[in-house]
Amino acid sequence: MTQQGEVISATASAASKSVFPIPANVFAETVTQVEHYTDRLFKFRITRPASFRFRSGEFVMIGLPNAERPVFRAYSVASPSWDEEVEFYSIKVPGGPLTEHLQKIKVGDTILMRKKPTGTLVNDALLPGKRLYMFSTGTGIAPFASLMRDPETYEKFDEVILTHTCREVAELKYGEELFELCKTDPLIGEFAAEKLVLYNSVTREDYPRTGRITDLMTSGKLFEDLGVPPINPEDDRGMICGSMAMLNDTKQVLEDFGLVEGSNARPSTFVVERAFVD
Ligand code: A2P
């Protein structure tokens, strides 16, 4: 928040909309696009400060300049590190201290973004392997939206499998759009077309594939559907992003398959995200 109290000059338009001085550890950026997917989900893009560097899969703290002490929450950057803008994918929490206001943003509004990105869902935290599984539920797809658009992901793995499980069919759209975008992207299209697989499922509506990802793994259906052997520590690497309950349960399943949790300091065979919104 405003711990440092040191004021820097943000862009003129951003600063003029701010009701509090922008501290030196915070960027004030302009919203360039907002797209609502459902009454619970939306994406937005902001201008990217020239000095903002991050690794695909990391998160930053973001807030709004609407109070003297703005509320900041952790958001995974959903765009890849080469993108000229910064993209986020958000849930709308009724009464949520940040998302209640964030869901009303329009193009031209100001978003505050702390300067220091961090996170464990990065390629560097995994040992080399054959197959990368990115397990996501709901807005947990955000860090993978970044990683699936990063050429390094395809340099490191022969196969990249994104699983996305949502309550309802409409909530799958963001991931489906990205998947199609990846396959035609000039930078990664060729690799994505060959290596990237999207494995969707839904839990509270009829759909060709239903069920939680944990159940789809323990029953073996995931591996049958993909035509691959069950997860093993020699070939497979995992990244997990979702609610706390989903993280814990998926982590347990991966451990049962013999994978071991890693970190930036100790790369291993799977990593877990712990950034939450509201
Ligand atoms: P379910 O509908 O059976 O709860 P949420 O919006 O609550 O984060 O849920 C997003 C998706 O994650 C839903 O499909 C939900 O399934 C699933 N999910 C919730 N908890 C878990 C869990 N502990 N393990 C695996 N999947 C989960």
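Both counts, for ligands and for their atoms, begin at 1 and track the order of listing. A quick note: this is a predicted structure, and the numbers were derived from the prediction, not measured.
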Undergrad: Salt-bridged, E87 to R45, with N to O below 4.0 Å?
TA: yes
Undergrad: Regarding Q252 and N248, do their side chains bring together a donor and an acceptor under 3.5 Å, going by distance alone?
TA: no
Undergrad: Does an N or O anywhere in G138 fall below 3.5 Å from an N or O of ligand 1?
TA: no
Undergrad: Tell me the contacting part of T137 for ligand 1: side chain, backbone, both, or neither, using a 4.0 Å heavy-atom threshold, strictly below.
TA: side chain
Undergrad: Are S201 and T165 close enough that a side-chain donor and a side-chain acceptor fall under 3.5 Å?
TA: yes
Undergrad: If only atom types and distance count, is the side chain of S136 paired as donor or acceptor with the main-chain N or O of T163 below 3.5 Å?
TA: yes
Undergrad: Please verify whether a non-hydrogen atom of R40 lies at under 4.0 Å from ligand 1.
TA: yes
Undergrad: With a heavy-atom distance limit of 4.0 Å, tell me whether C166 approaches ligand 1 through its side chain, its backbone, both, or neither.
TA: backbone
Undergrad: Among L41, D249, T214, which one has a heavy atom closest to atom 25 (C) of ligand 1?
TA: T214
Undergrad: Which ligand 1 atoms, with their elements, are less than 4.0 angstrom from a heavy-atom of A245?
TA: 23 (N)
Undergrad: Between the main-chain N or O of A24 and the side-chain N or O of K115, is there a donor-acceptor pair closer than 3.5 Å?
TA: yes
Undergrad: Of all the atoms in ligand 1, which lie at a distance below 4.0 Å from a heavy atom belonging to T165?
TA: 11 (C), 14 (O)
Undergrad: Considering only non-hydrogen protein atoms, determine which one is nearest to atom 18 (N) of ligand 1 and report residue, atom name and distance to 0.1 Å.
TA: R212 NE, 3.8 Å
Undergrad: Quick check on I213 - does any of its heavy atoms sit under 4.0 Å from an atom of ligand 1?
TA: no
Undergrad: What protein heavy atom lies closest to atom 8 (O) of ligand 1? Include the residue and the distance to one decimal.
TA: S243 CB, 4.0 Å
Undergrad: Is it the case that the side chains of Y75 and S90 hold a donor-acceptor pair, with the cut-off being a distance below 3.5 Å and no angle test?
TA: yes
Undergrad: When you compare ligand 1 with R167, is there at least one nitrogen or oxygen pair between them that comes in under 3.5 angstrom?
TA: yes
Undergrad: Specify whether H36 and F42 have parallel, tilted or perpendicular ring planes, treating 30° as the upper limit for parallel and 60° as the lower limit for perpendicular.
TA: parallel
Undergrad: Among all protein heavy atoms, pick the one closest to atom 13 (C) of ligand 1 and tell me residue, atom and distance.
TA: T203 OG1, 3.4 Å
Undergrad: Applying the 4.5 Å side-chain criterion to the ILVMFWY set and letting contacts propagate, would L181 and M134 be lumped into a single cluster?
TA: yes
